[in-house]
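A quick write-up on the structure given underneath.
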Amino acid sequence: LFRSGEFVVNLVSDDNLEQMNLSAIEFGPDIDEFALAGLTAVPSALVKPPRIGESKVAFECRLVQTIKLGEMRSLVLGEVLLMHIWDGLVIDRDRGWVDTRGLGLVGRGAAANYIRTNEVIELPTLTPEEWKRREKEASAKLRR
C-alpha cells in the first residue's frame, strides 16, 4: 500500500466532494483516478506521491506505523512533514489561524454518510476558579 513509505492526506471540502467519491471506487492500478475525477496532480515538496491541487488543505506525510484492525481495515499513523493550505484561508499567519468555515470540510461518517464541518461552536475554556464557582452554584441549587 505505501511502498515508498510516504503519502499525502488531502482534506475534502464541499467543492470536491463528488470527485472524492469517484476516487473512493476501488479501481485497479490501470485506472488514473486523477484523470477520471478531473483532479489535478500537483508535485509534493517533500514526498513522492502528488497532492490534489483542488484540495484546500494537504498534508505530506511519512509512514510511521500501520495497525491492522481487521480483515479489511487498518489504522495508518504518519508523521506530518509539511502542510499546504490555500493562502486565502489563512487569517493570521503568525498565530496559525485558519478560516475553518471557509474550508467547508467534509468528513466521512458511517457507510455512505458524510458530515459537514463548517459549523463553529465557540466554547471558552474555564479557569479552575470559574469551574469551582460553577460547581458550588450547581451544588447549592441541588440542595434547595
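Hydrophobic clustering places F7 together with L11 (ILVMFWY residues linked when any side-chain heavy atoms are closer than 4.5 Å, directly or through intermediates). In the hydrophobic clustering of this structure, V76 does not group with M20; members are Ile, Leu, Val, Met, Phe, Trp, Tyr whose side-chain heavy atoms approach within less than 4.5 Å, directly or through other members. In terms of hydrophobic clustering, with Ile, Leu, Val, Met, Phe, Trp and Tyr side chains grouped at heavy-atom distances under 4.5 Å, V47 and V42 are assigned to different clusters. When the side chains of ILVMFWY residues are joined at heavy-atom separations under 4.5 Å, either directly or via intervening members, M83 and V64 end up in two distinct hydrophobic clusters.
Closest approach of D14 to R116, counting heavy atoms only: OD1-NE, 2.7 Å. Of all non-hydrogen atoms in L36 and L22, the two that sit nearest each other are O-CD1, 4.3 Å. When every heavy atom of T125 is checked against every heavy atom of E130, the shortest pair comes out as O-OE1, 4.3 Å. When every heavy atom of V80 is checked against every heavy atom of C61, the shortest pair comes out as CG2-SG, 4.1 Å.
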### Message
Using the rule given for salt bridge (Lys or Arg N to Asp or Glu O under 4.0 Å), can you reason through R133 versus E129, listing the C-alpha separation, both sets of side-chain angles and the distance that settles it, and then say yes or no?
### Response
CA-CA 6 Å; R133 180 180 48 77; E129 293 76 21; over 6 Å; no
Inset, instruction - Mind running side-chain contact (heavy atoms from CB on, under 4.5 Å) on V12 and L17 for me, showing each step along the way? - result: CA-CA 6 Å; V12 177; L17 178 59; 4.3 Å; yes
- Query: Between S55 and R51, is a side-chain hydrogen bond (donor to acceptor under 3.5 Å, both in side chains) present by the stated rule, with each step listed?
  - Reply: CA-CA 8 Å; S55 181; R51 57 191 175 90; over 6 Å; no
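With rounding to the nearest 0.5 angstrom, the CG atom of L39 is 10.0 Å from the CG atom of D32. Interatomic distance, CG of L77 versus CZ of R62, reported as 14.5 Å (0.5 Å rounding). The OH atom of Y114 lies 4.0 Å from the CZ atom of R108; values are rounded to the nearest 0.5 Å.
Taking the ring axis of W97 as reference, the NZ or CZ atom of R95 stays within 45° of it and closer than 6.0 Å to the ring centre.
A salt bridge is absent between E6 and K48: the closest approach of a Lys/Arg side-chain nitrogen to an acidic carboxylate oxygen does not fall below 4.0 angstrom.
Without hydrogens or angle criteria, N16 side chain to E54 main chain gives a donor-acceptor distance under 3.5 Å. Side-chain atoms of T40 never come within 3.5 Å of backbone atoms of G53 as a donor-acceptor pair (strictly under, hydrogens ignored). In this structure, the side chain of N10 engages the main chain of I52 through a donor-acceptor pair within 3.5 Å. Side-chain atoms of S44 never come within 3.5 Å of backbone atoms of L46 as a donor-acceptor pair (strictly under, hydrogens ignored). The backbone N or O of L82 lies less than 3.5 Å from no partner atom in the side chain of E60, so there is not a single donor-acceptor pair. Checked by atom type and distance alone, the side chain of S13 never pairs as donor or acceptor with a backbone atom of L105 at under 3.5 Å.
Test E135, R143, K136 against S139 for side-chain hydrogen bond (donor to acceptor under 3.5 Å, both in side chains) and you get one pass: R143.
Within the 4.5 Å cutoff, side-chain heavy atoms of V98 are placed close to those of L103. Within the 4.5 Å cutoff, the side chain of K56 has no heavy atoms near those of the I85 side chain.
Surrounding NZ of K68 are more than 12 heavy atoms belonging to other residues, nucleotides or ligands, all under 6.0 Å away.
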